[in-house]
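The block underneath contains the structure these notes are about, expressed in structure tokens.
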Amino acid sequence: MLKDHKDWLLRCFECGREYEEEPISSRCKCGEVLELVLTKNFPKINDFDGVGVWRYSKTLPISGETQIITINEGNTPLIRAENLAFKEGTKLFVKNEGQNPTGSFKDRGMTVAVTRAKEIGAETLVCASTGNTSASASAYAARGGMKAVVLVPAGKVAGGKLVQAVIHGAKVIRVSGDFDSALELMALEASRRRDLYIVNSLNPFRIEGQKTGAYEIFEQLGKKIPDYVILPVGNAGNISAYWKGFSELKKWGMTDKTPKMIGVQAAGASPLAQLFQNGNDNLVKWDNPETVASAIRIGNPVSWRKALTAVRESNGQLLAVNDQEILKAQRDLASEEGIFVEPASATPLAAIEYLKDSFKKNSVVVSIATGNGLKDQGVIPVDSEKLPLVSNLKELEDYI
Ligand code: F0G
């Protein structure tokens, strides 16, 4: 049992060892990630009350007395993609997580993890990040009156995300090497110090916050479960979180259905898709992953076992799409539906090209648009000097 939340178990996802409080570095002694499990007093749908992530507070391991650190995260729109109709009778929805306070789904998890940090008296948050986690951690640290130390792979993080971390007042440190070395070497090492609280997605409180995306989709579809949920996979926390959310709705008797979970990686950073396609059971990590989708440029996903379980239990799949396909999907979503996402968030749409023939008639498909395109403008070639310039009405008429 968690010592301050008796209804909750904190245990290792792999070996089952139980903990009374977060172990240092938020990892089991065996090296695997942990999970939080509600063991009794299961919530009912009428317990959902309020707006956003904290609407689902009865499903979260935080007590009523704790000061909630929130910037109104969650409650993001589920948008029917009318123009990108890819198959007669199939309904495609985009869950626009880019409308969260710092522009990505990370805020759902961060509000819970940072509230937990507050609950246990932590003063400094630490994370390694491909960009969005650092932006989110920095904002929530500011909101909660805490410090944040963020470690980013040098030269590999989108400019807008770095700007966010800086403006929110975090200590931003570059690490030579990629995200995986930043996480393993730096954040975990740093978190061995009691005074630093790690807020990467291996923190199980973050997963609890992120699972609320599944509850929202269920409610937005009129208490229905979609047939497919497709989302990008980097460190593999979010797909695990969504699966936890959907599985809980079933376990708690709110529905008898779960969706097929489809995880999409960028071809240049696809160790999990490779494992799945080859039918293997152990991850072979990739050195030097490379893709335009910098958010998911990850070669050693820390929650790979959870993600694989999600995909196998749900009868889903893991696949990879290449950079060209990602950029085309990003452009299509922007120009056909008015939704501007960053490259990582366009991977589900790119994957639909491969999946659509397997969708059953009248399927409901939800694509998770994890992050806002405004954060990563560098991937879109716009030479402002080459845009038309007019100085009188005649010239304007010529152009229009
Ligand atoms: N999409 C976006 C926009 C992301 O920023 C990330 C992860 C993912 C998808 C993948 O989610 O890691 O849970 O599988 N970004 C992390 C970061 C790694 O540091 O911001 P995941």
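These numbers come from a predicted model, not from an experiment. Order of appearance sets the numbers: ligands from 1, and atoms from 1 within every ligand.
Residue-environment remark: CG (L389) stays at or below the threshold of 12 foreign heavy atoms within 6.0 Å.
What sits closest to atom 1 (N) of ligand 1 on the protein, heavy atoms only, is T370 OG1, 2.7 Å. Among all protein heavy atoms, the one lying closest to atom 5 (O) of ligand 1 is N132 ND2, 2.7 Å. For atom 4 (C) of ligand 1, the closest non-hydrogen atom of the protein is A295 CB, 3.5 Å.
A chain of hydrophobic side-chain contacts below 4.5 Å, direct or via other Ile, Leu, Val, Met, Phe, Trp or Tyr residues, connects Y242 to L78. Both M110 and I120 belong to a single network of hydrophobic side chains, linked directly or stepwise wherever heavy atoms of I, L, V, M, F, W or Y lie under 4.5 Å apart. A continuous path of Ile, Leu, Val, Met, Phe, Trp and Tyr side chains, each step under 4.5 Å between heavy atoms, connects L231 with W304, placing both in one hydrophobic cluster.
At a heavy-atom distance under 4.0 Å, only side-chain atoms of I296, from C-beta outward, approach ligand 1. At a 4.0 Å heavy-atom cut-off, ligand 1 touches I298 through the side chain alone. Of the heavy atoms in A236, only backbone atoms (N, CA, C, O) come closer than 4.0 Å to ligand 1.
Considering backbone and side-chain N/O atoms, K161 never comes within less than 3.5 Å of an N/O atom of ligand 1. For S201, no nitrogen or oxygen atom sits less than 3.5 Å from a nitrogen or oxygen atom of ligand 1, counting backbone and side chain alike. The shortest N or O to N or O distance between G237 and ligand 1 is under 3.5 Å.
Remark: distances from the non-hydrogen atoms of K106 to ligand 1 include one below 4.0 Å. Using a 4.0 Å heavy-atom cutoff, V341 is absent from the residues neighbouring ligand 1.
A salt bridge between R206 and D107 is absent, with no side-chain N of the basic residue lying under 4.0 Å from a carboxylate O of the acidic one. Using a 4.0 Å cut-off between charged nitrogen and carboxylate oxygen, E336 and R331 do not count as a salt-bridge pair.
Listed by number with element, the atoms of ligand 1 under 4.0 angstrom from any heavy atom of S129 are 17 (C), 19 (O), 20 (O).
Taking the six-membered ring where tryptophan is involved, the planes of Y215 and W252 are tilted, since the angle between them lies from 30° to 60°.
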